[in-house]
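Heads up, the thing below is written out as structure tokens.
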Amino acid sequence: MGKVALVTGASRGIGKAVALGLAQDGFDIWLNYHSSHEAALSVKHEIESIGQSCSMLCFNVADGPACKEVLGKLLQKQTPEVLVNNAGFTRDAIFGLMSDEEWDCVLDVHLNGFYHVTRQIVPYMIHQRKGRIISIVSVSGQTGNAGQVNYSAAKAGLIGATKALARELGKRNILVNAVAPGLIKTEMTDTLSTREYVNAIPLNRMGTAEEVAGCVRFLCSDWASYVTGQVLAVNGGLYL
Ligand code: NAP
């Protein structure tokens, strides 16, 4: 059996670029998505054309029992060497006008999603005494961003979880890191008016999903064997 990477939210955007990049690095992919079946299927075909296998895993990362049901069966057979927690979305609102639903669903997908998926995988990685866990956080979780109190809180929480888990799992040879993108061209940022933000970026442009994926690939590689508990910023210098 080849080495496996589980990538959540890999039907498009950053998750798709990570899945394709890790396939190029020789990983078979467990591709999680929630609703975009056709898009996920097309990523699967791209992965297979690279020469790696791809299993499509449809579940909502915020749904603990669903994560357990899908992953539980697979984990009896094989343990992924790599987990990339990427699935997520934004529900921006001014805090005074934020609904309970906007608060809850963003915390659920990013923070509880991390918990539900990672909690399933970690005991198996401990057994293997090997693993890399990378979570996609955000510059919003590092600096805070007006209009994104929910998202900033979730991503800052994820940074804390990354650092704590890195301390717990270091002795088991499991490396836990985060990648913090700035402004990246994906569907998530499609509707943003980005000109004002781009002016504030020293590199004076948005990043690409592949540029984020490159950093994830590094953290999954032998080159990163002494890197754990870190937040690697991929933001064109936006937050120095
Ligand atoms: P995107 O293009 O909107 O893609 C989001 C992916 O997450 C899709 O594959 C989607 O799949 C999946 N997803 C959403 N909710 C899910 C759920 N509940 N369960 C499982 N999968 C779910 O977003 P992106 O820009 O690539 O963002 C990816 C990650 O990077 C997110 O964590 C985001 O917060 C972070 N990030 C993005 C930027 C940026 O500028 N784009 C900056 C910083 C951080 P379905 O369509 O199948 O639901």
Side-chain angles (χ1 to χ4, degrees), residues 6-21 29-44 46 54 56-67 69-71 83-92 104-118 120 134-145 148 150-159 161-162 178-194 197-198 200-201 205-213 215-216 231-236 238-239:
L6 165 58
V7 186
T8 69
S11 59
R12 59 171 188 269
I14 292 170
K16 171 182 174 179
V18 167
L20 291 174
I29 304 296
W30 290 2
L31 186 165
N32 160 257
Y33 66 105
H34 183 206
S35 52
S36 305
H37 181 75
E38 287 308 314
L41 191 60
S42 132
V43 180
K44 174 183 163 72
E46 281 190 66
C54 176
M56 289 168 64
L57 313 181
C58 178
F59 60 85
N60 176 358
V61 295
D63 180 342
C67 293
E69 194 190 323
V70 176
L71 292 175
L83 163 61
V84 182
N85 289 299
N86 165 80
F89 52 73
T90 50
R91 291 290 179 274
D92 297 353
D104 288 339
C105 72
V106 169
L107 271 286
D108 257 357
V109 74
H110 294 284
L111 211 43
N112 292 335
F114 161 87
Y115 170 73
H116 294 315
V117 176
T118 310
Q120 290 299 305
I134 292 112
S135 295
I136 309 300
V137 295
S138 170
V139 68
S140 299
Q142 296 176 296
T143 63
N145 193 22
Q148 291 194 316
N150 51 358
Y151 184 71
S152 301
K155 293 299 198 185
L158 207 39
I159 290 171
T162 297
V179 168
L183 201 58
I184 309 300
K185 261 190 208 135
T186 66
E187 273 185 37
M188 183 178 276
T189 50
D190 249 6
T191 53
L192 278 184
S193 143
T194 50
Y197 293 103
V198 168
I201 300 172
R205 63 173 177 85
M206 293 175 76
T208 65
E210 288 71 25
E211 286 171 315
V212 180
C215 292
V216 176
V231 181
L232 178 50
V234 191
N235 59 24
L238 181 60
Y239 167 50

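Indexing begins at 1, ligand by ligand and atom by atom, following the structure's order. Computed from heavy atoms alone, side chains included, the values below leave out hydrogens, waters and symmetry copies.
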(request) Report the distance from atom CD1 of Ile184 to atom OG1 of Thr189, rounding to the nearest 0.5 Å. (result) 8.0 Å
(request) For the residue pair Asn235 and Ile201, establish whether any side-chain heavy-atom pair is separated by less than 4.5 Å. (result) no
(message) For atom 6 (C) of ligand 1, what is the closest protein heavy atom, and at what distance to 0.1 Å?
(response) Gly9 O, 3.5 Å
(request) Using distance alone, determine whether Ile184 and ligand 1 share an N or O pair under 3.5 Å. (result) yes
(request) For His110 and ligand 1, answer yes if some heavy atom of the residue is under 4.0 Å from a ligand atom, otherwise no. (result) yes
(message) With rounding to the nearest 0.5 angstrom, report the SG to CZ distance, Cys105 to Arg91.
(response) 5.0 Å
(message) Suppose I only count heavy atoms of Ile14 and a 4.0 Å limit; which atoms of ligand 1 are within that range?
(response) 26 (O), 30 (O), 37 (C)
(message) Using side-chain heavy atoms (C-beta onward) and a distance below 4.5 Å, is Val117 in contact with Asn85?
(response) yes
(message) Please report whether ligand 1 has a polar contact with Thr186, defined as an N or O pair separated by less than 3.5 Å (distance criterion only).
(response) yes
(message) Does ligand 1 come near enough to Tyr33 that some N or O of the ligand is less than 3.5 Å from an N or O of the residue?
(response) no
(message) Tell me whether ligand 1 is touched by Val137 - counting only heavy atoms on the residue side and a distance under 4.0 Å.
(response) yes
(message) Give me the nearest non-hydrogen protein atom to atom 19 (N) of ligand 1 as residue plus atom name, then the distance to 0.1 Å.
(response) Val61 N, 3.1 Å
(message) Can you check which of Val234, Ile136, Asp108 brings a heavy atom nearest to atom 30 (O) of ligand 1?
(response) Ile136
(message) Using a 3.5 Å distance criterion without hydrogens, assess whether the side chain of Lys155 forms a donor-acceptor pair with backbone atoms of Ser140.
(response) no
(message) Heavy atoms only, cut-off 4.0 Å: how does Asn60 contact ligand 1, side chain, backbone, both, or neither?
(response) both
(request) For side chain to side chain contact (heavy atoms under 4.5 Å, CB included), just list the numbers for Leu183 and Leu192, CA-CA rounded to whole Å, side-chain angles, deciding distance to a tenth of an Å, and then say yes or no. (result) CA-CA 10 Å; Leu183 201 58; Leu192 278 184; 4.0 Å; yes
(message) In the structure I gave you, are the side-chain heavy atoms of Leu71 and Phe59 within less than 4.5 Å of one another anywhere?
(response) yes
(request) Nearest heavy atom to atom 34 (O) of ligand 1 wins, so pick from Phe59, Tyr151, Phe114. (result) Tyr151
(request) Output yes when the distance from some N or O of ligand 1 to some N or O of Ser138 is under 3.5 Å, and no in every other case. (result) no
(message) Heavy-atom count check: over 12 atoms from other residues, nucleotides or ligands less than 6.0 Å from Glu46 CD?
(response) yes
(request) Any atoms of ligand 1 less than 4.0 Å from a non-hydrogen atom of Gly88? List them with their elements. (result) 5 (C), 7 (O), 14 (C)
(request) Determine whether Val109 and Val61 make a side-chain contact, defined as any pair of heavy atoms from C-beta on separated by less than 4.5 Å. (result) yes
(request) For the pair Ser135 (side chain) and Val137 (backbone), establish whether a donor and an acceptor sit closer than 3.5 Å, ignoring hydrogens and angles. (result) no
(request) Could you tell me the residue and atom name of the protein heavy atom closest to atom 27 (O) of ligand 1, and the distance to it rounded to 0.1 Å? (result) Met188 CE, 3.8 Å
(message) Check whether Asn86 reaches the backbone of Gly9 with its side chain - one donor and one acceptor, N or O, closer than 3.5 Å.
(response) yes
(request) State, with a plain yes or no, whether a side-chain heavy atom of Val198 is found less than 4.5 Å away from one of Met206. (result) yes
(message) Between Thr162 and Val231, does the side chain to side chain contact (heavy atoms under 4.5 Å, CB included) criterion hold? Intermediate values first, please.
(response) CA-CA 9 Å; Thr162 297; Val231 181; 5.7 Å; no
(request) Report yes or no: does a heavy atom of Thr8 sit under 4.0 Å from some atom of ligand 1? (result) no
(message) I need the atoms of ligand 1 closer than 4.0 Å to a non-hydrogen atom of Ser11, numbered in the order shown.
(response) 8 (C), 9 (O), 10 (C), 11 (O), 45 (P), 46 (O), 47 (O)
(request) Select one of side chain, backbone, both or neither to describe which atoms of Lys155 lie under 4.0 Å from any atom of ligand 1, heavy atoms only. (result) side chain
(message) Distance under 4.0 Å to a non-hydrogen atom of Asn86: what atoms of ligand 1 satisfy this?
(response) 28 (C), 29 (C), 30 (O), 31 (C), 32 (O)
(request) Among all protein heavy atoms, pick the one closest to atom 16 (C) of ligand 1 and tell me residue, atom and distance. (result) His34 CB, 3.9 Å
(request) For atom 4 (O) of ligand 1, find the nearest protein heavy atom and state the residue, atom name and distance (0.1 Å precision). (result) Arg12 NE, 3.4 Å
(request) Write out the residue and atom name of the closest protein heavy atom to atom 46 (O) of ligand 1, then the distance separating them to 0.1 Å. (result) Ser36 OG, 2.5 Å
(request) Determine, using heavy atoms of Gly182 and all atoms of ligand 1, whether some pair is separated by less than 4.0 Å. (result) yes
(message) Are Asn145 and Asp92 packed together at the side-chain level, in the sense that at least one heavy-atom pair is separated by less than 4.5 angstrom?
(response) no
(message) With nothing but distance in play, are any N or O atoms of Ala62 less than 3.5 Å from an N or O of ligand 1?
(response) no
(request) Check for a donor-acceptor pair, side chain of Thr8 on one end and backbone N or O of Ala87 on the other, with a separation under 3.5 Å. (result) yes
(request) For Phe89, counting its heavy atoms only, list the atoms of ligand 1 lying under 4.0 Å from any of them. (result) 15 (N)
(message) Out of all atoms in ligand 1, which are within 4.0 Å of some heavy atom of Ala10? Include the element for each.
(response) 9 (O)
(request) Would you mind reporting whether Lys16 and Leu20 have side-chain heavy atoms less than 4.5 Å apart? (result) yes
(message) Below 3.5 Å, N or O to N or O, backbone or side chain included: is there any such pair between Val109 and ligand 1?
(response) no
(message) Within the 4.0 Å heavy-atom shell around Asn32, which atoms of ligand 1 are there?
(response) 20 (C), 21 (N)
(request) Specify the protein heavy atom at minimum distance from atom 22 (C) of ligand 1: its residue, its atom name, and the distance to 0.1 Å. (result) Ala87 CB, 3.6 Å
(request) With heavy atoms of Thr189 as the reference, note each atom of ligand 1 found under 4.0 Å away. (result) 39 (C), 40 (O), 41 (N)
(message) Taking the side chain as everything from C-beta on, heavy atoms only, tell me whether Ile136 gets closer than 4.5 Å to Pro181.
(response) yes
(message) Taking a cutoff of less than 4.0 Å between a non-hydrogen atom of the residue and any ligand atom, is Met206 in contact with ligand 1?
(response) no
